[in-house]
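Just so you know, residue 1 is the first one in the sequence shown, and it goes up from there. Hydrogens, waters and symmetry mates play no part in the numbers below; they use all other heavy atoms, side chains included.
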Amino acid sequence: VQLQACGGGLVQAGGSLRLSCAASGRTLSSYVMGWFRQAPGKEREFVAVIPWNGATTLYADSVKGRSTVSIDNAKNTAYLQMNSLKPEDTAVYYCAARAFFLSVLVREYDYWGQGTQVTVSS
């Protein structure tokens with residue numbers, strides 16, 4: 001599975017961004033798409049996850065209520081819509097994929113995109 005994330009940028013606090021993750025390479029219906037982020041000097045952390053069929057979603061407490069993860073099957077693309085952004089949301093955001101089961105653990109994902117920078121100014 002190849003993943004390519006994009007959509008990051010510089011935004012003011014309170015603003016919104018939509019990140020995209022284009023997937024290719026295999027039949028994706030059995031995969032789970034996760035979003036993670038890594039701020040400078042910190043470990044990579046879970047943000048959100050969704051199975052390719054979109055049947056359920058799971059969010060980190062830090063983004064719950066402000067973010068929405070979704071799948072567009074026709075475009076083989078996963079999205080992370082982030083609203084009411086805060087300076088502490090500043091990080092490199094990664095999409096990742098693994099087979100079958102939802103997970104919040106970095107080590108359980110087999111495929112990673114290259115990351116996209118999100119910077120939120122105060």
State yes or no: do [X] and [Y] share one hydrophobic cluster built from I, L, V, M, F, W and Y residues joined by side-chain heavy-atom distances below 4.5 Å, directly or via other members?
{"X": "Y93", "Y": "V63", "result": "yes"}
{"X": "L105", "Y": "W112", "result": "yes"}
{"X": "F46", "Y": "Y59", "result": "no"}
{"X": "V11", "Y": "L19", "result": "yes"}
{"X": "V104", "Y": "V106", "result": "yes"}

Give me the atom names and distance for the closest heavy-atom approach of [X] to [Y].
{"X": "A78", "Y": "I71", "answer": "CB-CD1, 3.7 Å"}
{"X": "S122", "Y": "A13", "answer": "CA-CB, 4.3 Å"}
{"X": "A48", "Y": "L80", "answer": "CB-CD1, 4.2 Å"}
{"X": "L3", "Y": "A23", "answer": "CD2-CB, 3.7 Å"}
{"X": "A91", "Y": "A39", "answer": "CB-N, 3.8 Å"}

Would you kindly check if the NZ (Lys) or CZ (Arg) of R44 is within the cone defined by 45 degrees around the ring axis of Y94 and under 6.0 Å from the six-membered ring centre? yes
Charged tip of R18 within 45° of Y79 ring normal and under 6.0 Å: yes
T77 side chain to K75 backbone, donor-acceptor under 3.5 Å: yes
Quick one: does any side-chain atom of T90 pair with a main-chain N or O of V120 as donor and acceptor, under 3.5 Å? yes
Please check if atom CD in E108 has more than 12 non-hydrogen atoms from other residues, nucleotides or ligands closer than 6.0 Å. yes
Does the side chain of [Y] come within less than 4.5 Å of [X]'s, by heavy atoms?
{"X": "V69", "Y": "V49", "value": "no"}
{"X": "S62", "Y": "R37", "value": "yes"}
{"X": "S70", "Y": "Q81", "value": "no"}
{"X": "M33", "Y": "C21", "value": "yes"}
{"X": "F100", "Y": "Y31", "value": "no"}

Does a side-chain N-to-carboxylate-O contact under 4.0 Å join K64 and D61? yes
F36 ring center near Y109 ring center (under 6.0 Å): yes
Walk me through it: do V32 and I50 pass the test side chain to side chain contact (heavy atoms under 4.5 Å, CB included)? CA-CA 6 Å; V32 169; I50 184 171; over 6 Å; no
Does a donor on one side chain and an acceptor on the other come within less than 3.5 Å for T119 and Q117? yes
Test R66 against M82 for side chain to side chain contact (heavy atoms under 4.5 Å, CB included), laying out the working first. CA-CA 6 Å; R66 301 188 294 121; M82 299 188 295; over 6 Å; no
Go through it in stages, so that I can follow the logic: the residues are V1 and L28, the test is side chain to side chain contact (heavy atoms under 4.5 Å, CB included), and I'd like the CA-CA distance, side-chain angles, deciding distance and then a yes or no. CA-CA 8 Å; V1 176; L28 298 169; 4.2 Å; yes
